[in-house]
There are 2 protein chains.
Amino acid sequence: MRDRISPARRPGYSVDTVLLTPVGRHLAVLLVRAPEGSGERWVVPWGLPKAHDAALSDTGARIARSALATAPSWMHQVGAFSDGRRHPSDADLTIGFVGTVPLGAHVAPGEDSAWFPIIELPPLSPRQRAIIDSSVALLRVKADSAPVAFRLLPSTFTLSDLQRVYEMLLGQRLHKASFRRALQAATLVEPTEEWRSEGRGRPAQLFKYAPRRRRRARRGLRFDQVHAW
Amino acid sequence: MRDRISPARRPGYSVDTVLLTPVGRHLAVLLVRAPEGSGERWVVPWGLPKAHDAALSDTGARIARSALATAPSWMHQVGAFSDGRRHPSDADLTIGFVGTVPLGAHVAPGEDSAWFPIIELPPLSPRQRAIIDSSVALLRVKADSAPVAFRLLPSTFTLSDLQRVYEMLLGQRLHKASFRRALQAATLVEPTEEWRSEGRGRPAQLFKYAPRRRRRARRGLRFDQVHAW
DNA sequence: TCAATAGTGTCTGTTAGACATTATGGA
DNA sequence: TCCATAATGTCTAACAGACACTATTGA
C-alpha cells in the first residue's frame, strides 16, 4: 500500500545523492530536514528527473549542487534500489549517486541541513539507508583503484590529512612510515613550498596531487577480504 | 500495475542480464538473436518488470533463468543506464545485472543464442555495450573481495582451472607457484580424492571450495591501479 | 621545560617471483 | 622415447611493519 496518489502520476524513479566529506576521523553524509509528518526527520537530498536532464548523472549533479550550493568534487552512480518500503518520494525505483566534498570545503550548513558521521546516522528510510551503505562501500572500493581519496581533500593538504582520509576509507589505522614510503613509490603527490602549523607540534609541509607515472602492476596476489556476498 | 503497459506510454525501465562463463582463456557473454530489422543481430537477454516481481533482482533472475534454462550461480546488480541512444526496449532506463555460469555448466546453446568471448563481441547497442563493460568490471572488482571466482567453476575443479579463472578476472597471467602458495595460506580450497586427466600430462587433483577461516587483514598498502576515473 | 606532531633512518621477518626439479600421464 | 602438464622445494630481492630518532612548533 503505497501512498494514495493516482498511479498515472506516480513518478518513474527518483534520484538520491549521498554527499560525503571527512569530518574528524570519519566520513560524514549530508542530510536535509524532512517535511513535518513525513516519517523521518532527516533525508538524503533527492529529486526527480526533469526534461532537460539529458543523462541520469545530470539529475544527480543538479540535486547535489542544489543541496551543497556548490558542485561536488566527484560523483558516481551507486545503482538502482527498489526494496525497502518507504522512501521520501513515491517512486518505486530510486537511482543512487555518491559524491564527494573536499575537507573543509563545505560551507557551514544552515538549519535545514547537517553533516552526520556515518557511524551516528539518525533514523532513515530503509531504502535511503541502503543507498548510503552502498555509497560508502563504493567509495571504499574505489579508494585503492583510483585516487578518489584526493577528491576528499583540498588542492593542497598535509600528509597526515591524506593518511587520515585513507584510514577512513580503508577502515583501519595505517603505519605512518609505511604509508609515506608507499606514497613515495607511487609518485602521486608533490611537495609545495607551503607549510601549515596547526596547534602544537611541528608544522607540516603541504603537498598537492600530481600523479607522475603509472604504477607497475601490484606485486603479488591476495585472497583477502571477507567471504560474504 | 507496472506490467500493464498502455500502448501510448513507454515502459518505465527494462532489465538487461549479462551472463558470463569461462570459455578458453576468456570470459564469454551470452547473447541472443535479435528480431529481424531491429538494428542489431545480437542482444543481451532483456525484459520488462512484471507485477509479481517483488524486487528488481527478481526481474533479473527471471530473465536469466529464461535465457539459460537454468539459474545462474550468482547475480548482482550493475547499475542504471540511460545514455546511448538505442536499446532493444523502448525504455529510457535500463537496469543491468551480471550473472555467472560455472565452467562447462551451460547447455549447448541453440541457434537462438551463443556465447561470445568478451574480446570478440559483435556490434551491440551502445547501452548494452556499456552494461557489458560495467558487468565485466564489476566481476573483476569482486574477484579479490569475495570468492566470486568459484561461481565460475563447478563444485570440483583443478587448481589450473582456478588459476585460469583468476587470470581472466584479473586480466593478467599469474605465477603458478605463488598462486598455489597464496591459495594455501588462504585455506579457501580442500583437495578431494578425485583426479582428472585431460589430454597429455600428469593428471590433476580435483579440489573443492571450502573456506575455513577468515584471512587476516592484507599486509600493507597499495597505491596501485590506473589513475583513470 | 614539556607536550605534541612532522618527518626520516635502520632493522628484520615475511614473501612474491624466479628457477629448478620431480612426478606422471599421453602420443 | 619425447613431450606436456602437475606439483613442490629452494633461493633471493623486495618490502611491510616495528622501532628509534631527530626536528620544530605551541603552551
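Chain A is the first sequence line, chain B the second, and so forth, proteins listed ahead of strands; every chain is numbered from 1.
Taking atom CG of A:Leu174 as the reference point, atom P of D:dA16 lies 12 Å away to the nearest angstrom. If you take CZ of A:Arg180 and P of C:dA6, they are 7 Å apart, rounded to a whole angstrom. With rounding to whole Å, A:Gln184 atom CD is found 13 Å from C:dG9 atom C1'. The nearest whole Å value for the distance from the CZ atom in A:Arg196 to the P atom in C:dA4 is 21 Å. Nucleotide C:dT5 holds its P atom 16 Å from the CG atom of A:Leu159, rounded to whole Å. In this structure, A:Phe179 atom CZ and C:dT8 atom P are separated by 13 Å, rounded to whole Å. Rounding to whole angstrom units, CG of residue A:Leu183 and C1' of C:dA6 are separated by 15 Å.
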Protein-to-nucleotide contact annotation, 5' to 3' order, nucleotides 18-27 of chain D [B base; S sugar-phosphate only; - none; under 4.0 Å, heavy atom] = BB---BBBBS
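B:Thr100 is linked by a side chain to side chain donor-acceptor pair (under 3.5 Å) to B:Ser73, counting only residues two or more places apart in sequence or in another chain. Not counting sequence neighbours, the partners of A:His175 by the side chain to side chain contact (heavy atoms under 4.5 Å, CB included) test are A:Ala177, A:Ser178.
Between A:Tyr209 and A:Phe150, the two ring planes are parallel [angle under 30°; tilted spans 30° to 60°].
Just one of B:Leu162, B:Leu153, B:Val165 meets the side-chain contact (heavy atoms from CB on, under 4.5 Å) condition when paired with B:Leu103; it is B:Leu153.
Looking at every heavy atom in both residues, A:Thr192 comes nearest to A:Phe207 through CG2-C, 4.1 Å. Nearest heavy-atom pair across A:Val101 and A:Trp115 is CG2-CH2, 3.9 Å.
Here B:Ser160 lies in heavy-atom contact (under 4.0 Å) with sugar-phosphate atoms only.
Ranking D:dA6, D:dA7, C:dA6 by closeness to the B:Gln205 side chain, first place goes to D:dA7.
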